[in-house]
Amino acid sequence: MAAGTQTAAYERFLQAFGAVEAELREAFLEERQPAPHIWGPFNAGVQSLSLVATREAAAAAIELCEVVEDFTISFGRSTARWRRHT
C-alpha cells in the first residue's frame with residue numbers, strides 16, 4: 001500500500017470529522033438539527049480510512065464515529081423536546 005494513499009485517506013477522514021464536529025457544535029448552540037450534507041463526506045472518509053488504516057487507527061475511527069452517533073441521537077432528542085416546549 002502506498003504511503004500517499006494512506007495519508008490521503010487519513011486526511012479525508014480528519015477533514016470530514018472536523019466538518020461534522022463544527023456543524024454539530026453550531027447546530028447545538030443554535031438549537032437546530034445538523035445540516036444533512038455533512039454526513040456524505042464523513043461516511044466516505046470513514047470508508048476510505050477503513051480500507052487502508054492499521055487496526056488501531058480503524059478502531060479509533062470507529063470509536064469516534066460511535067461518539068458522534070451517540071451525540072447526534074441525544075442531541076436530536078433534546079432538540080425535539082426543546083421545540084415542543086417553545
Side-chain angles (χ1 to χ4, degrees):
M1 154 190 4
T5 301
Q6 190 176 32
T7 301
Y10 280 88
E11 182 179 6
R12 276 192 302 275
F13 173 75
L14 291 172
Q15 287 175 342
F17 176 75
V20 164
E21 180 187 20
E23 174 58 19
L24 289 175
R25 184 182 310 261
E26 287 175 23
F28 179 78
L29 293 173
E30 296 170 3
E31 298 179 331
R32 64 170 173 80
Q33 291 294 314
H37 72 275
I38 62 169
W39 299 113
F42 181 67
N43 290 333
V46 171
Q47 296 302 314
S48 293
L49 184 71
S50 72
L51 295 173
V52 299
T54 64
R55 288 181 193 257
E56 295 82 11
I62 289 170
E63 280 187 51
L64 277 174
C65 292
E66 289 172 355
V67 168
V68 167
E69 181 180 18
D70 290 347
F71 175 80
T72 305
I73 290 168
S74 295
F75 173 59
R77 289 179 183 150
S78 66
T79 302
R81 282 192 293 269
W82 176 81
R83 287 185 178 159
R84 282 194 301 263
H85 295 290
T86 58

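Heads up: numbering here begins at 1 and tracks the sequence.
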**Student:** Only pairs under 3.5 Å count here: list side-chain donor-acceptor contacts from residues 43-65, not counting sequence neighbours, and write none if there are none.
**Tutor:**
unit_1, atom_1, unit_2, atom_2, d
Asn43, ND2, Trp39, O, 3.3
Ser48, OG, Ala44, O, 3.2
Ser50, OG, Gln47, O, 2.7
Thr54, OG1, Ala57, N, 3.1

**Student:** List the atom pairs, with distances to 0.1 Å, where a side-chain N or O of residues 18-27 and a protein N or O form a donor-acceptor pair under 3.5 Å, not counting sequence neighbours.
**Tutor:**
unit_1, atom_1, unit_2, atom_2, d
Glu21, OE2, Arg25, NH2, 3.1
Glu23, OE1, Arg32, NH2, 3.4
Glu23, OE2, Arg32, NH1, 2.6
Glu23, OE2, Arg32, NH2, 3.2
Glu23, OE2, Ala35, N, 2.9

**Student:** Same cluster or not: are Phe13 and Val67 linked, directly or through other Ile, Leu, Val, Met, Phe, Trp or Tyr residues, by side-chain heavy atoms under 4.5 angstrom apart?
**Tutor:**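 No, Phe13 and Val67 fall in different hydrophobic clusters.
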**Student:** Can you see which heavy atom on Pro41 is nearest to which on Ala16, and at what distance?
**Tutor:** O-CB, 3.5 Å
